[in-house]
Amino acid sequence: MTLNNYIDHTLLKPTATAADIITLCNEAKAHSFFSVCVNSSYVQLVTSQLASSAVKVCSVVGFPLGAMSTQAKIAEAKQAVIDGADEIDMVINIGALKSKAFDTVWQDIEGVKKAIPNTTLKVILETCYLDELEIIKASELAVNSGADFIKTSTGFGTDGATVNAIKLMKSVTKGTTVKIKASGGIRDTKTALKYINLGVDRLGTSSGIAIVTGGNTKDNSSY
């Protein structure tokens, strides 16, 4: 698989305009990225822009805090799929995990997956807020609740993907079909290859063009 096929070309800034999203879609088509990842309100626009291409549509859900009710996440995920999303990236209930309310965490994930059973579900752990044991526990809960991917970060926390977090996540997914997505702080080819060589299957980044061309990004966002 070539480098461009790993990339979810991402724009999640609150100030993103419709024109920005259209530019994002055109970039994704030009570079044959795997998907375009946006906030759910833009899924219909992205779906229309990518209709004649092989680029997938990805929507975040419960983003970026993960602190919404499960029913709110379910409703957002279902609407995103109706609007054309092929994949959903949902944020776990981080506070529930840190409270050791593990039933709440898995029911949150399972509720979304059951609502969209035929759609790829990536579960964002937001590893910057978790210690090692919490990363392992969150990974286990996501895997056991039907996640297709576990993902490091929103890009809006205090840090993004790290080698240590990926290794911990890999220790849980070993022997399963669950894949890993690294996101947050991936802005150049060297960093992208570092995570691919660790065994991740997808990269979330707003710096996809710089990554595939070996250039430098002008985007200073954490994503």
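The analysis underlying the following values was restricted to heavy atoms, covering all of them including side chains, and did not include hydrogens, waters or symmetry mates.
Contact annotation: the side chain of Ile124 never approaches that of Met90 to less than 4.5 Å [non-hydrogen atoms, C-beta and beyond]. The side-chain heavy atoms of Asn144 and Glu110, taken from C-beta on, include no pair separated by under 4.5 Å. Side chains of Lys151 and Ile180 form no contact here, defined as non-hydrogen atoms less than 4.5 Å apart. Glu87 places a side-chain heavy atom less than 4.5 Å from the side chain of Lys122. The side-chain heavy atoms of Leu3 and Ile196, taken from C-beta on, include a pair separated by under 4.5 Å. Contact check for Val36 versus Leu50: side-chain heavy atoms found under the 4.5 Å cut-off. Side-chain contact check for Asp8 versus Leu203: every heavy-atom pair is 4.5 Å or farther apart. Residues Asn26 and Lys29 have side chains in contact (heavy-atom distance under 4.5 Å, counting atoms from C-beta outward).
Atom CD of residue Glu140 and atom OG1 of residue Thr173 lie 11.0 Å apart, to the nearest 0.5 angstrom. Atom-to-atom distance recorded for Thr205:OG1 and Ile211:CD1 is 4.0 Å, nearest 0.5 angstrom. Tyr129 contributes atom OH, which lies 14.0 Å from atom CG of Leu97 (distance to the nearest 0.5 angstrom). Annotation: the span from Gln79 atom CD to Ile82 atom CD1 amounts to 4.5 Å, rounded to 0.5 Å. Taken to the nearest 0.5 Å, the OG atom of Ser206 stands 6.5 Å off from the NZ atom of Lys13. Note that CD1 of Ile92 and CD of Glu134 are 9.0 Å apart. Values are rounded to the nearest 0.5 Å.
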(message) side-chain hydrogen bond (donor to acceptor under 3.5 Å, both in side chains), that's the test. Do Thr17 and Asp20 meet it? Break it down for me.
(response) CA-CA 5 Å; Thr17 65; Asp20 294 332; 3.0 Å; yes
(message) Set out, in order, the CA-CA distance, both residues' side-chain angles and the distance that settles side-chain contact (heavy atoms from CB on, under 4.5 Å) for Lys174 and Lys170, then state yes or no.
(response) CA-CA 6 Å; Lys174 185 177 181 181; Lys170 286 289 288 183; over 6 Å; no
(request) May I have the step-by-step check of salt bridge (charged side-chain N to carboxylate O under 4.0 Å, His left out) for Asp89 and Lys181, ending in yes or no? (result) CA-CA 10 Å; Asp89 289 19; Lys181 176 177 173 179; 2.8 Å; yes
(request) Evaluate the side-chain contact (heavy atoms from CB on, under 4.5 Å) criterion for residues Val91 and Ile94: first the C-alpha distance (whole Å), next the side-chain angles of each, then the deciding distance (0.1 Å), finally the verdict. (result) CA-CA 8 Å; Val91 187; Ile94 303 162; 4.2 Å; yes
(request) Could you check Glu132 against Asn164 for side-chain contact (heavy atoms from CB on, under 4.5 Å), going step by step and ending with a plain yes or no? (result) CA-CA 9 Å; Glu132 291 191 350; Asn164 188 52; 3.0 Å; yes
(request) Show your reasoning for whether side-chain contact (heavy atoms from CB on, under 4.5 Å) applies to Thr152 and Thr162. (result) CA-CA 8 Å; Thr152 59; Thr162 66; over 6 Å; no
(message) What verdict does the ring-ring contact (aromatic ring centres under 6.0 Å, His included) test give for Tyr195 and Tyr6, after you've listed the backbone C-alpha separation in whole Å, the side-chain angles of each residue and the deciding distance to 0.1 Å?
(response) CA-CA 11 Å; Tyr195 290 119; Tyr6 282 89; over 10 Å; no
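In plain terms, the two heavy atoms of Ser32 and Asn4 that are nearest each other are O-ND2, 2.9 Å. Between Gly62 and Glu76, the closest heavy-atom pair is N-OE1, 2.9 Å. Heavy atoms only, all atoms of each residue included: Glu126 and Phe156 are closest at OE2-C, 4.4 Å. Nearest approach of Trp106 to Ser145, heavy atoms of both residues: CB-OG, 3.1 Å. The heavy-atom pair separating Cys37 from Leu12 by the smallest distance is O-CD2, 4.1 Å. Across Thr47 and Ala85, no two heavy atoms sit closer than the pair OG1-N, 4.5 Å.
In Lys78, the NZ atom is not crowded: 12 or fewer heavy atoms of neighbouring residues, nucleotides or ligands sit closer than 6.0 Å. Counted within 6.0 Å of NZ on Lys98, heavy atoms from surrounding residues, nucleotides or ligands total more than 12; the atom is thus considered enclosed. Counting non-hydrogen atoms of neighbouring residues, nucleotides and ligands closer than 6.0 angstrom, the NZ atom of Lys56 reaches no more than 12 such neighbours. Within 6.0 Å of atom NZ in Lys194, more than 12 heavy atoms from other residues, nucleotides or ligands are found, so the atom counts as buried in its surroundings.
When the side chains of ILVMFWY residues are joined at heavy-atom separations under 4.5 Å, either directly or via intervening members, Ile109 and Leu65 end up in two distinct hydrophobic clusters. The hydrophobic cluster containing Val57 also contains Val55, counting ILVMFWY residues as joined when their side-chain heavy atoms lie under 4.5 angstrom apart, directly or transitively. Under a hydrophobic-cluster definition in which Ile, Leu, Val, Met, Phe, Trp and Tyr are linked whenever side-chain heavy atoms come within less than 4.5 Å, directly or via other members, Val81 and Ile74 are assigned to the same cluster. Under the 4.5 Å side-chain contact rule for hydrophobic residues, Ile7 and Phe34 do not share a cluster. When the side chains of ILVMFWY residues are joined at heavy-atom separations under 4.5 Å, either directly or via intervening members, Met68 and Val61 end up in two distinct hydrophobic clusters.
In this structure, a donor-acceptor pair under 3.5 Å is present between the side chains of Asn5 and Thr2. Using modelled atom types, one finds no donor on one side chain facing an acceptor on the other under 3.5 Å when comparing Asn93 with Thr104.
Between the Asn39 side chain and the Ser41 main chain, no donor and acceptor come within less than 3.5 Å of each other. Put simply, the side chain of Ser99 never gets that close to the backbone of Ala101: no donor and acceptor are under 3.5 Å apart. Side-chain atoms of Ser153 come within 3.5 Å of backbone atoms of Ser183 as a donor-acceptor pair (strictly under, hydrogens ignored). Proximity of a side-chain donor or acceptor of Ser207 to a complementary backbone N or O of Ala210 within less than 3.5 Å is not detected. A donor-acceptor contact shorter than 3.5 Å links the side chain of Thr213 to the backbone of Ile209.
Results of the side chain to side chain contact (heavy atoms under 4.5 Å, CB included) test with Ile88 over Thr119, Asp148, Thr120 single out Thr119 as the only residue that passes.
By the 6.0 Å and 45° rule, Lys137 stacks over the aromatic ring of Phe102.
Note: His9 and Phe33 have tilted aromatic rings, judged against thresholds of 30 and 60 degrees for the angle between ring planes.
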